[in-house]
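Sending over a structure as structure tokens; questions will come in a sec.
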Protein chains: 2
Amino acid sequence: MHVDSLKKELKERKYRMTPQREQVLKVFIETNSEHLGAEEVYRYLLSKRINVSKATVYRTVDLLVELGFLRKLQFDEGVYRYELVDKDNRHSHFICNSCGKIYELKDALSPEAVLKDYTELLRTQGFDVKELDVKFRGICPKCSKKGRKEK
Amino acid sequence: MHVDSLKKELKERKYRMTPQREQVLKVFIETNSEHLGAEEVYRYLLSKRINVSKATVYRTVDLLVELGFLRKLQFDEGVYRYELVDKDNRHSHFICNSCGKIYELKDALSPEAVLKDYTELLRTQGFDVKELDVKFRGICPKCSKKGRKEK
DNA sequence: GTATCTGCAAATTATTTGCCGTATT
DNA sequence: AATACGGCAAATAATTTGCAGATAC
């Protein structure tokens with residue numbers, strides 16, 4: 001599983017495997033890769049009595065991004081968030097302007113698929129597209145319902 | 001032009017028109033709405049010997065977002081950037097992983113148009129989509145050329 | 001054994017806030 | 001005149017860094 005490939009990847013790049021690195025990666029696996037910020041990872045570990053300093057968490061998530069285990073995200077709140085990279089399951093996000101909840105959109109009809117032609121066009125213009133980031137913003141179903149009752 | 005509608009909009013919402021607000025908005029008009037951060041707006045004004053404090057710049061760009069004159073952007077650098085809202089000319093961005101340059105993609109075949117069907121699908125599921133944010137990342141034409149020569 | 005890694009505390013960066021005098025309406 | 005606004009400096013929030021001791025290899 002993930003932890004083994006971390007060991008392998010670290011060795012290949014002449015980094016060292018440490019308990020802290022394993023623990024940080026495990027947080028993302030155990031939480032089903034919620035969109036966690038560094039602070040949250042730190043608190044999660046604290047709550048499980050696992051001692052890792054905040055600086056190490058910051059350094060480790062950065063490293064995990066570099067190694068391709070995590071993806072760095074931003075949702076307009078002044079915090080970086082991270083999620084597990086899952087190559088077969090790319091997804092977009094829907095961010096509710098009312099409650100702030102972030103939904104993952106994993107539908108078969110992925111925006112990535114829909115945008116394929118446009119990405120191709122960019123390539124013909126010399127843009128080598130490696131990544132695509134699509135975010136929808138608006139009001140989520142829950143907030144729409146609430147709004148109807150309350151107002 | 002823009003400055004007049006700012007006056008109008010401020011009056012409607014019972015805010016006041018001030019020289020600082022006019023100057024900040026003008027920066028975005030004069031620079032063709034580059035993707036400026038608050039600090040850059042501040043420096044631009046300084047360079048033109050226009051005295052506005054940094055705090056005011058921060059407060060003003062926030063206000064201009066609220067009033068719908070600016071759009072708040074994030075490009076994964078730890079800084080908020082802003083651009084003029086131009087309703088008839090929405091665009092996506094291409095961010096070069098090598099030089100960091102941000103390109104605006106204004107092609108006729110806009111991702112927004114391509115994604116329309118998918119947005120519609122979301123609506124049927126109760127997601128009221130108000131905004132769409134599409135970012136491409138990769139290597140830009142210039143860096144691709146450089147890479148070929150140097151490496 | 002040695003180079004990498006961690007923890008701590010201090011530094012840095014971007015942004016926000018409180019307060020008080022100033023300007024707009 | 002009343003209230004909103006701006007400037008300043010201090011506060012806050014998130015993240016980064018320097019360094020000395022600890023640990024993986």
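All values derive from a computational prediction rather than experimental measurement. Order of the sequence lines fixes the chain letters, A, B, ..., with proteins taken first and strands second; residue numbering starts at 1 for each chain.
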### Message
Could you tell me how far apart A:Lys7 (NZ) and D:dA24 (C1') are, to the nearest whole angstrom?
### Response
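Spelled out: NZ on A:Lys7 to C1' on D:dA24 is 13 Å.
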
### Query
Rounded to the nearest Å, what distance is computed from the NZ atom of residue A:Lys11 to the P atom of nucleotide C:dT4?
16 Å

### Length of the line joining A:Gln74:CD and D:dT15:C1', which is rounded to integer Å
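So the CD-C1' distance, A:Gln74 to D:dT15, works out to 13 Å.
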
#### Entry: Spacing of B:Leu45 atom CG relative to D:dG7 atom P, expressed in whole Å
10 Å

### Query
For the residue pair A:Tyr103 and A:His93, is the inter-centroid distance of their aromatic rings smaller than 6.0 Å?
no

### Message
Taking the side chain as everything from C-beta on, heavy atoms only, tell me whether A:Leu6 gets closer than 4.5 Å to A:His2.
### Response
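Contact flag for A:Leu6/A:His2 side chains = no.
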
### Task
Let me know the distance between CG of A:Asn51 and P of C:dC8, rounded to the nearest Å.
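Interatomic distance, CG of A:Asn51 to P of C:dC8: 8 Å.
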
### Query
Closest to the A:Asp62 side chain: D:dG6, D:dT15, D:dT16?
D:dT16

## Note on the structure
Of D:dC19, C:dA3, D:dC8, the nucleotide closest to the side chain of B:Arg59 is D:dC8

### Query
Rounded to the nearest Å, what distance is computed from the CG atom of residue A:Leu63 to the C1' atom of nucleotide D:dT15?
16 Å

### Summary
Checking C:dT17, C:dG7, C:dA14 against the side chain of A:Ser53 (C-beta onward), the nearest is C:dG7

### Message
Taking the basic N atoms (NZ, or NE/NH1/NH2) and the acidic carboxylate oxygens, is any pair closer than 4.0 Å for B:Glu9 and B:Arg13?
### Response
yes

### Task
Grab the CD-C1' distance between A:Gln20 and C:dC8 for me, whole Å please.
14 Å

### Query
Taking only N and O in the side chain of A:Thr56, is any of them less than 4.0 Å away from OP1 or OP2 of C:dG7?
yes

### Task
Report the residue (B:Arg16 or B:Tyr80) whose heavy-atom-nearest nucleotide on DNA chain C is the more 5′ of the two.
B:Tyr80

### Nearest-nucleotide pick for A:Thr18, side chain only, options being C:dA14, C:dT24, D:dA24
D:dA24

### Nucleotide of C:dT24, C:dA9, D:dT15 approaching A:Ala55 most closely (side-chain heavy atoms)
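It is C:dA9.
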
#### Entry: Interatomic distance, A:Arg21 CZ vs C:dT4 P [rounded to whole Å]
11 Å

### Task
For residues B:Tyr15 and B:Leu67, determine if any side-chain heavy atom of one lies less than 4.5 Å from a side-chain heavy atom of the other.
yes

### Query
Among C:dA14, D:dT15, D:dC25, which is the nearest nucleotide to the side chain of B:Tyr58?
C:dA14

### Message
Between B:Gly37 and A:Met17, which residue's closest nucleotide on DNA chain C lies nearer the 5′ terminus?
### Response
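On the 5' side of the pair lies A:Met17.
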
#### Entry: Between B:Tyr82 and B:His35, ring centroids under 6.0 Å
no

